[in-house]
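Right, one structure below, let's go through it.
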Amino acid sequence: MNAALAQDYSGAPLGAPVYELNNVSKTYARNLVVALEDVSLTLRKGSFTSVIGSSGCGKSTLLKIMAGLIPPTKGRVVLQSKPVTGPRHDIGMMFQQATLFPWKTAAENIVLPIEIRDGKAAAKKAIDSAHDLLEMVGLEGFENVYPNELSGGMAQRAAICRMLITEPAVLLLDEPFSALDELSRDMMNMELQRICNEQHATAFLVTHSIQEAVILSDEIVVMKPRPGRIAEIVDVDLPRPRTLDMMTTPKFGEIVDYIRTLLDKGEDM
Amino acid sequence: MTDVQVNQASEPGTEQDTVWVQEVHFIDSVPRWIAMTFVFVVFIGTWHLVTAFELVSPIILPTPWETLEDMVFVGKNLLSGGYMLGALWITFKEVVYGFALAIALGFSFGVLVGETAFGEKAVMPYLVAIDTMPKVAFAPLFVAWLGFGIESKVALAAFIATFPIVVGTAAGLHAADENARMLFKTMGASRMQTLIKMKLPTGLPQIFTGLKIGAVGVMAGAITGEFLGGGKGFGELIRVAASQLNTPRVFSLILYLSLVGLAVYAAVTWSQRKIVFWHKERVGAHDH
Ligand SMILES: Nc1ncnc2c1ncn2[C@@H]1O[C@H](COP(=O)(O)OP(=O)(O)OP(=O)(O)O)[C@@H](O)[C@H]1O
Ligand SMILES: [Mg+2]
């Protein structure tokens with residue numbers, strides 16, 4: 001295991017607030033859709049938070065605002081005591097599509113963020129860390145393989161490595177595994193848990209699956225639509241580390257049912 | 001109950017393997033070269049019959065054998081470095097210079113139009129307007145401006161080939177999907193980095209499509225230029241042969257000329273395969 005990977009990137013103690021959103025609202029100017037209204041949220045160092053809600057309730061919008069990709073109409077976003085005003089290097093992001101570039105090998109794709117930030121020479125030096133990361137996600141030996149020879153799950157693993165190469169303090173994940181079949185999805189989720197744990201990363205996951213949210217999260221943000229608001233923040237007090245067989249416990253079922261009721265209520269409004 | 005029945009049924013010998021009857025088309029089992037030879041033979045055969053029964057006058061259509069004879073003659077002249085080789089060389093230069101110019105112009109305008117809002121708003125409409133004009137009609141102008149030398153032919157060839165390259169480049173720059181753009185944004189990439197490291201490579205297949213269309217146009221431009229603006233190229237040889245009603249010569253000259261076009265096209269395809277190695281293009285390949 002690479003020593004650099006296990007180290008705490010941001011230096012803040014576990015449990016301290018890293019991400020703070022205050023009364024964030026977003027109205028898209030183009031169509032005057034109120035995508036978000038008065039969202040306030042605190043993410044703690046090393047915590048795993050999921051956000052769940054019906055389609056169109058503003059989950060991706062929230063994530064993009066947190067990532068500094070689009071500005072909020074109102075409100076404040078603060079990450080590690082600095083306001084987020086644009087893309088930042090202490091944020092790692094992942095989307096539904098792996099979006100690996102076919103003209104680069106797996107390792108070259110992974111060091112792309114370094115190449116963009118510090119140039120080709122720095123990227124070359126980072127190739128070794130890329131190999132370590134690939135090993136960590138079970139893709140050793142695939143360094144020089146081009147993406148069109150990777151399966152969907154393997155491509156998403158490589159995308160995880162690309163996200164981690166810059167050692168971000170927070171991970172923003174927009175339905176990262178929803179394009180995968182259920183088996184690989186469960187496996188990837190367990191993998192994600194392990195990685196977050198090893199890196200003491202703070203993670204924020206958008207998902208459509210209640211099960212996925214419950215098995216991974218410390219807190220689940222349940223949203224309701226039109227306009228997108230927080231309905232409730234649900235604590236998940238299942239022990240850690242989580243395992244897939246916890247899905248059969250009564251406690252798990254209770255939380256899933258509770259969230260489902262919350263979501264159904266949101267739909268009625 | 002059901003389970004037991006299934007088990008019995010699958011005992012060896014009691015059930016036959018399902019055999020897939022796959023529909024095989026006859027053409028799939030024929031090697032390409034045989035299919036191509038077949039078409040060639042039919043073509044020459046028809047040609048032979050048409051001339052043998054004098055369905056058209058020999059002045060309009062020579063026999064295949066006359067054409068072949070003339071091809072041998074022209075081939076000897078070319079190989080021995082005769083005047084025809086000089087003419088072919090001139091046309092070849094026109095094509096290569098014209099294509100190089102078209103690539104430089106087409107790529108520059110393509111980036112301007114595909115990458116900048118100004119280019120898309122203010123320049124693109126003019127390009128579209130010019131593109132719809134019959135471009136060969138500009139040939140007399142180029143001759144008036146640049147004279148009877150190769151410059152006027154290079155200009156016309158480049159003029160015709162530039163537009164498909166502009167369109168290909170601009171389309172290519174729009175090919176990158178939302179995810180890739182967002183990813184580059186999250187990495188804090190500058191506009192230049194996004195262009196060079198993402199949009200251009202993503203658009204290479206479209207750019208090459210433009211180049212291939214351009215490669216065909218550049219040939220047409222050079223020959224049209226020679227027809228209308230004289231000079232010492234292969235087009236001039238064709239024009240003279242045609243005016244002497246020497247149709248076998250016209251035919252064989254055109255066939256040799258097509259080698260130049262093929263060479264340019266092959267060069268583009270070859271570089272495409274080298275550069276865009278990740279993009280497997282399947283032209284005419286049937287997938288079953
Ligand atoms: N770029 C945009 N311009 C205008 N409106 C937008 C834009 N992006 C999203 N919207 C609108 O904002 C609302 C929230 O969209 P968003 O993509 O955040 O939803 P979501 O919760 O991620 O949905 P899904 O679960 O389907 O991914 C929707 O009504 C959508 O139409
Ligand atoms: Mg979304």
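Sequence lines set the chain letters: A, B, ... in the order given, protein chains first and strands last, and positions in each chain run from 1.
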Residues of residues 167-204 of chain B near chain A, each having a heavy atom less than 4.5 Å away: N179(B), A180(B), M182(B), L183(B), F184(B), K185(B), T186(B), M187(B), G188(B), A189(B), Q193(B), K197(B), M198(B), P201(B), T202(B)
Identify which part of R162(A) has an atom lying under 4.5 Å from any heavy atom of chain B, answering side chain, backbone, both or neither. side chain
Taking atom CZ of F208(B) as the centre, report whether more than 12 heavy atoms of other residues, nucleotides or ligands fall under 6.0 Å from it. yes
Please tabulate, for the side chains in residues 119-126 of chain B, all donor-acceptor contacts under 3.5 angstrom to protein atoms that are two or more places apart in sequence or on a different chain.
none

Just wondering, more than 12 heavy atoms not from W278(B) lying within 6.0 Å of its CH2? yes
Quick check on F38(B): does its CZ atom have over 12 non-hydrogen neighbours (other residues, nucleotides or ligands) under 6.0 Å away? no
Using heavy atoms and a sub-4.5 Å threshold, report which of residues 60-73 of chain A line up against chain B, by residue number. K64(A), L69(A)
Applying a strict 4.5 Å limit to non-hydrogen atoms, the region of L112(A) in contact with chain B is both
Tell me, yes or no, whether the heavy-atom count around F142(B) atom CZ, taken from other residues, nucleotides or ligands under 6.0 Å, exceeds 12. yes
If the contact rule is any heavy atom under 4.5 Å from chain B, which residues of residues 91-106 of chain A qualify, in numerical order? M93(A), F95(A), Q97(A), T99(A), F101(A), P102(A), W103(A)
